[in-house]
Amino acid sequence: MTRRRMWASVVALGAAGVTLGACGAAGSTTSGAPQGVGTLAAATGTPATSSCNGLPSVSATATGTASVTPDTLTMTLGVNTHGVTAKGALESNNVLTDRLLSVLRRAGVAGSDLQTTGLSIFPNYVKNGKVSGYNVSNTVTATVTKLSSAGATIDSAANQVGNDIQFDNLSFSISNDSTPALAARTQAVKMAESRAQAMASAAGVTLGPICSISDQGSYDPIFAGNSGTFSAAPGAGLPTKAVPVPVEPGSQQVVATVTVSYEVS
């Protein structure tokens with residue numbers, strides 16, 4: 001295959017997110033960068049590097065995924081109280097927030113996993129602009145590692161605090177993603193090799209040894225739930241056989257992206 005025909009094939013394949021070029025070759029550029037490097041950077045938004053020392057090369061970027069079940073729940077619970085005076089509303093809030101914290105501690109949430117994330121005191125107004133009372137809000141974020149008891153913990157909190165409790169949001173995460181991240185990277189490297197091989201074959205060249213591998217990072221998406229308000233009466237016990245709040249962690253995908261460059265001949 002002539003050099004002109006080979007590069008015609010490469011242009012057609014560039015739309016698939018892979019590039020072929022002479023990495024580091026002087027005078028051979030795409031938007032001011034070496035061929036196969038500038039094109040890749042434009043496609044991914046991440047500068048690509050190669051150590052092919054000016055030899056003809058092919059580069060491919062691929063993303064791998066690994067499925068894993070989340071083992072950590074982060075949730076934010078709030079206590080909202082109303083009173084004629086700011087002092088009265090705050091005192092009521094303090095009592096109920098203390099009950100909420102006690103429930104979370106008894107459920108096994110460590111002190112280091114409890115954090116006050118919001119406190120506000122503001123007046124309520126009637127139509128004539130006069131203050132009709134005060135509202136106090138105190139929110140606590142808790143990290144729960146025992147998901148099997150998360151629903152029962154939420155029920156207990158609602159039972160202790162009553163109508164003044166508010167559930168703001170929740171999110172699931174993975175405490176240690178090193179194993180799934182490794183699996184995702186392994187998959188990404190294999191996919192990059194397959195893409196590079198297909199491009200080299202289409203261009204009529206032979207895939208050689210690896211010049212460089214660039215890891216563009218891995219992450220695990222966090223699932224966030226919606227906010228809501230409970231309506232349990234203060235001090236009213238839940239039925240003995242009540243079903244706890246269903247909490248299902250589902251699964252999450254750990255994602256890893258790599259760029260691999262190969263010599264070609």
Side-chain angles (χ1 to χ4, degrees), residues 69-175 220-252:
T69 300
D71 58 5
T72 302
L73 169 66
T74 300
M75 58 184 181
T76 301
L77 300 170
V79 176
N80 292 291
T81 53
H82 308 272
V84 177
T85 65
K87 180 177 182 294
L90 180 60
E91 288 177 347
S92 297
N93 193 286
N94 292 343
V95 172
L96 294 177
T97 300
D98 184 65
R99 291 182 186 176
L100 172 62
L101 292 172
S102 295
V103 168
L104 295 173
R105 292 190 183 100
R106 287 197 300 270
V109 180
S112 58
D113 290 331
L114 286 173
Q115 184 178 52
T116 299
T117 50
L119 178 63
S120 63
I121 304 174
F122 55 90
N124 297 317
Y125 296 93
V126 292
K127 292 183 178 180
N128 59 10
K130 292 185 178 180
V131 175
S132 60
Y134 292 84
N135 185 81
V136 176
S137 176
N138 193 335
T139 57
V140 177
T141 298
T143 300
V144 180
T145 56
K146 189 178 180 181
L147 298 189
S148 61
S149 62
T153 300
I154 296 172
D155 281 342
S156 296
N159 187 39
Q160 288 296 314
V161 177
N163 291 335
D164 293 320
I165 194 169
Q166 180 174 336
F167 191 94
D168 289 332
N169 58 66
L170 61 82
S171 63
F172 292 100
S173 60
I174 306 164
S175 60
D220 55 296
I222 297 178
F223 170 77
N226 297 321
S227 62
T229 303
F230 294 99
S231 58
L238 293 174
T240 304
K241 295 184 179 180
V243 177
V245 174
V247 177
E248 297 293 339
S251 63
Q252 290 181 204

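Here, residue 1 is the first one in the sequence, and each next residue gets the next number.
At a threshold of 4.5 Å between non-hydrogen side-chain atoms, the residues Val109 and Val144 count as touching. Using a 4.5 Å heavy-atom cutoff, the side chains of Val79 and Arg99 are not in contact. Using a 4.5 Å cut-off on side-chain heavy atoms (C-beta onward), Tyr134 and Asn124 make no contact. Within the 4.5 Å cutoff, side-chain heavy atoms of Leu170 are placed close to those of Leu73. Side-chain contact between Leu77 and Leu104 is present, with at least one heavy-atom pair separated by less than 4.5 Å.
Taken to the nearest 0.5 Å, the CG atom of Asn138 stands 8.5 Å off from the CG atom of Leu100. Between atom CD of residue Gln160 and atom OG of residue Ser102 there is a gap of 8.5 Å, rounded to the nearest 0.5 Å. Remark: Ile165 CD1 to Thr97 OG1 distance equals 9.5 Å, nearest 0.5 Å. Rounding to the nearest 0.5 Å gives a distance of 14.5 Å between OG1 of Thr72 and NZ of Lys146. The CG atom of Asn80 sits 12.5 Å away from atom OG of Ser92, with the distance rounded to the nearest 0.5 Å. Between the CD1 atom in Ile121 and the CG atom in Asn93 there is a gap of 8.5 Å [rounded to 0.5 Å].
Heavy atoms only, all atoms of each residue included: Gly250 and Pro70 are closest at O-CD, 3.4 Å. Of all non-hydrogen atoms in Asp71 and Ser175, the two that sit nearest each other are OD2-OG, 2.7 Å. A pairwise comparison of heavy atoms in Thr85 and Gly88 identifies OG1-N, 3.0 Å as the closest pair. Pairing each heavy atom of Phe172 with each of Gln252, the nearest pair is O-OE1, 2.9 Å. Summarising the geometry of Val103 relative to Ala157, their closest heavy-atom pair is CG1-N, 3.7 Å, with the distance given to 0.1 Å. Across all non-hydrogen atoms, the minimal contact from Ala142 to Leu114 is CB-CD2, 3.7 Å.
A donor-acceptor pair under 3.5 Å is formed between the side chain of Thr139 and the backbone N or O of Gly118. With hydrogens and angles ignored, the 3.5 Å screen pairs a side-chain donor or acceptor of Thr81 with a backbone N or O of Ala89. Judged by distance alone, with hydrogens and angles left aside, the side-chain atoms of Ser149 form no donor-acceptor pair with the main-chain N or O of Ala152 at under 3.5 Å. Of the possible donor and acceptor atoms, one in the side chain of Asp155 sits under 3.5 Å from a partner among the backbone N and O of Val245.
Listed by first and then second residue, the salt bridge (Lys or Arg N to Asp or Glu O under 4.0 Å) pairs involving residues 72-98 are Lys87-Glu91 (not counting sequence neighbours).
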